[in-house]
Number of protein chains: 4
Amino acid sequence: MADVSTSTKSSTKPWKSFQVRKRDTEVKRDAVLLTAAHLFLEQGYRRTAMSQLADRLKITKPALYHYFHNKEEIVIECYRRGIALIESSLQTADAGQTCGLDKLRVYVEAYATAVVRYEFGRCVAWLDDGELSAAAQREVRSLKRRIDATLRGFITEGQRDGSIGACDPKLAAFAIAGAVNWIGVWYQPGGPLSPEAIGRQYAELLTNGLRRRAENA
Amino acid sequence: MADVSTSTKSSTKPWKSFQVRKRDTEVKRDAVLLTAAHLFLEQGYRRTAMSQLADRLKITKPALYHYFHNKEEIVIECYRRGIALIESSLQTADAGQTCGLDKLRVYVEAYATAVVRYEFGRCVAWLDDGELSAAAQREVRSLKRRIDATLRGFITEGQRDGSIGACDPKLAAFAIAGAVNWIGVWYQPGGPLSPEAIGRQYAELLTNGLRRRAENA
Amino acid sequence: MADVSTSTKSSTKPWKSFQVRKRDTEVKRDAVLLTAAHLFLEQGYRRTAMSQLADRLKITKPALYHYFHNKEEIVIECYRRGIALIESSLQTADAGQTCGLDKLRVYVEAYATAVVRYEFGRCVAWLDDGELSAAAQREVRSLKRRIDATLRGFITEGQRDGSIGACDPKLAAFAIAGAVNWIGVWYQPGGPLSPEAIGRQYAELLTNGLRRRAENA
Amino acid sequence: MADVSTSTKSSTKPWKSFQVRKRDTEVKRDAVLLTAAHLFLEQGYRRTAMSQLADRLKITKPALYHYFHNKEEIVIECYRRGIALIESSLQTADAGQTCGLDKLRVYVEAYATAVVRYEFGRCVAWLDDGELSAAAQREVRSLKRRIDATLRGFITEGQRDGSIGACDPKLAAFAIAGAVNWIGVWYQPGGPLSPEAIGRQYAELLTNGLRRRAENA
DNA sequence: AATGAATGAGACTTCATTCAT
DNA sequence: GATGAATGAAGTCTCATTCAT
């Protein structure tokens, strides 16, 4: 922020242009969201006080209200970003697989990788949407239901095409989603494993299980 | 309430014996805990107000403080009961299996069944221990660590004895624990599946995976 | 409160009976309302802070919330009491007059007297109902409309029976209601004139005007 | 906005002359005051936020502070304009009447007409001067006292010259002022009655009353 | 054992106002 | 002159907890 003058292209103007200021605002909104996501993941939505958030950002409490109307709007935006990130991650996942089990594996890998990689993804996965207003809940639950439906769909498909054994698709989908969502509880950025590695192992475990397989271990 | 003495069956004693009174107290403490567990699971610890708990029990708020010193003591006791229930469930699980994979399967089945069956088990699995005091956290985390260690131990053992394929034991244990703990999020008593059935399926899925197996599907 | 023991009938009981305690609560609720009415009339609803109210009552702020759910509930109750007092005052007013002008005079006298006599009446007359929630506004405006309709009705009746001269009944009703409602602005209890005297003079002025009349001055 | 110079008619001058600029400023100050008066009358001084005022004027909040030092200065200026308008209306009223009653009638008509006609007049009549600082209050109350004194003076004069009957001049003045001030509560510009018509009827009612008079009905 | 009343700490939010540009 | 950003003070309300009875 100190060397803003050097970062603007035209050095002829003595004050920040609208563009720059608007960009600044966006940057700060993003900073608020990211810090909030961290705090929410650390402590939960309820226990995170606006003053804490303000302190960590080194701004005053009312300044937060410059960027967001209220506390809930902040979580909702975290959710929205997470939903978008997860959805775009999942879109790449449904192509080019031949059987239900393979589709499932690719899908789970994409989902798990997104949850690991993105703070906002972890918010969607882990935060308790019971805190949200009815309207906001609908938005979030719609995504979750879609993911759940996709999981069940692949499982049923796999059972039909013989790639997946007998099981209750509902229960299996719950187990898979649970394992992935739980990542939000333990994952700390900076560990030795890359998001992709974690995603791959999760997908492997949840589709093929732990048992050693003769053919493709 | 003034003439309680007349309402007891044995009119030989002018007031309830200590024994009876103590038993009454125990019964009420239990009722408090169970109701609290339900509320905590429904809404989370933070969002559950003491007044809500009192209302649902149809007693007054200060009466709660007769049975427990404070709100935290209530969760801690929920945790304790859950820990005890889970541990006793797990104790039966390590006997008579020959390979790591089998031990793991039996253990996971016992763990999942306990989480499904007991409200207090679900509290341990699902409630955020970040709400607890440092001392209480240690207690809870000790159990969780023990479970985690056992899971990892079985996985490593299975990898040594050839029953389990290559994978990161830490990650696999996280995935398993996550899937099971997540049960607290979706499980509602009264569904069509028994706790045992759910436990069995979870264990099956998390150890053998979804892939159809030629030999023993 | 110090001599409560002497005010309870049966001195045999060492603690206040439920009855007494309940009565105490009612007394305090009333005290809150009356103090609130005074403050609202002095400063308006908005400018009156709950802390001010608490201070004047020599209790703490949250104690107020023991008696009323929120600030609005307090004004609403002031309004309700005022409405009841005014309505019962007005009920005695419609009997035994022969012409519209006389009915009007008696009615205005009753209304003005009620506004002077009762703090809560002045609240209804003077407080800005724009502060209230939609539901509460309906309640208040219903009364005001009823009063307005009655005034207009008497005026039209008087014009038909010849006791009242030509004028716009709507405008006349506004003028009368305005004069009476304005009492809330200037009236201070403890002045030399009794509420009845003020009511009588208001009614006289607003119906017969100031002009000296030969026949019955 | 950057090329304002090109949009002015006389392109001979590179920037607006002081005169023009001063006039612009005056125009905008006036716009602020009028909009503020409307908002204050609709919602009261307290409930009207500076941001609301800025929004309705389609300018930013700090821009308001270019024209006025603070919120209070805005109301005070509304009051001042209202006072001026009312006073000049009243000055025309004391001429050429022979008895106290007639003087009163003409005065009341002028007062009522001014309150109806001018937003700022209604501000003086209706706004609660309790919001103002001590200094500002003195200014406003001085006007109100003057009006009150004049009303009382005419009433006493009328009682001496026989045109007005027996009554408490103080009370009568209150009633008259109240009826007129209350206009601010219900009057909406654009109704069927002209300000003059309303003023005349008010004056008639408040001096001669409603009773039909044989001689000059 | 149990109650109604009360409290202190702290949460979220609003708003008039000012600052740097 | 005007803007976006920021602030301090204050307000309403919640809630775990305690006191006197």
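The chains referred to below are lettered A, B, ... by the order of the sequence lines, with proteins before strands, and numbering in each begins at 1. Note that this is a predicted model, so its numbers are computed, not measured.
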Inset, instruction - Identify which nucleotide among dA2(E), dT17(F), dG11(F) has an atom closest to any side-chain atom of H66(B), counting heavy atoms from C-beta outward. - result: dA2(E)

Inset, instruction - Could you tell me the separation between the CG atom of L53(C) and the C1' atom of dT12(F), rounded to a whole number of Å? - result: 13 Å

Inset, instruction - Give F68(A) one of three labels, base, sugar-phosphate or nothing, depending on what nucleic acid heavy atoms sit under 4.0 Å from its own. - result: nothing

Inset, instruction - Kindly write out the residues that satisfy side chain to side chain donor-acceptor pair (under 3.5 Å) with R81(A), not counting sequence neighbours, or none if the list is empty. - result: D30(A), E77(A)

Legend entry - E72(C) (side chain) donor-acceptor with S133(C) (main chain) under 3.5 angstrom: yes

Inset, instruction - When you get a sec, tell me which of dT14(E), dA6(F), dA2(E) is the closest nucleotide to the side chain of Y65(A)? - result: dT14(E)

Legend entry - Separation of dT13(E) P from H69(A) NE2 (nearest whole Å): 11 Å

Inset, instruction - Taking only the side-chain heavy atoms of N70(C) (C-beta and beyond), determine which of dA1(E), dA2(F), dC13(F) contains the nearest atom. - result: dC13(F)

Inset, instruction - Applying side-chain contact (heavy atoms from CB on, under 4.5 Å), name anything that partners A63(A), two or more places apart in sequence or on another chain. - result: I59(A), T60(A)

Legend entry - Residues forming a side chain to side chain donor-acceptor pair (under 3.5 Å) with S51(A), sequence neighbours excluded: none

Inset, instruction - Using a 4.0 Å heavy-atom cut-off across all strands, classify A63(B) as base, sugar-phosphate, or nothing. - result: base

Inset, instruction - Using a 4.5 Å cut-off on heavy atoms from C-beta on, say whether the side chain of Y45(B) contacts that of L39(B). - result: no

Inset, instruction - Would you write the dot-bracket representation of DNA chain E, where each base gets (, ), [, ], | or . depending on whether it forms a Watson-Crick or G-U pair under 3.5 Å and with which partner? - result: .||||||||||||||||||||

Inset, instruction - May I ask you to decide whether E42(B) forms a salt bridge with R47(B), counting only side-chain N to carboxylate O separations under 4.0 Å? - result: no

Legend entry - Close residues, residues 55-62 of chain A, relative to DNA chain E [heavy-atom separation under 4.0 Å]: K61(A), P62(A)

Inset, instruction - Report yes if at least one side-chain N or O of Y67(D) is closer than 4.0 Å to OP1 or OP2 of dA2(F); otherwise report no. - result: yes

Inset, instruction - Write down the distance between CE (M50(C)) and P (dC12(E)), rounded to a whole number of angstrom. - result: 20 Å

Legend entry - Selected nucleotide, minimal atom distance to K71(B) side chain, candidates dT13(E), dT3(E), dT17(F): dT17(F)

Legend entry - Partners passing side-chain contact (heavy atoms from CB on, under 4.5 Å) against Q137(D) (at least two apart in sequence or in another chain): L132(D), R141(D)

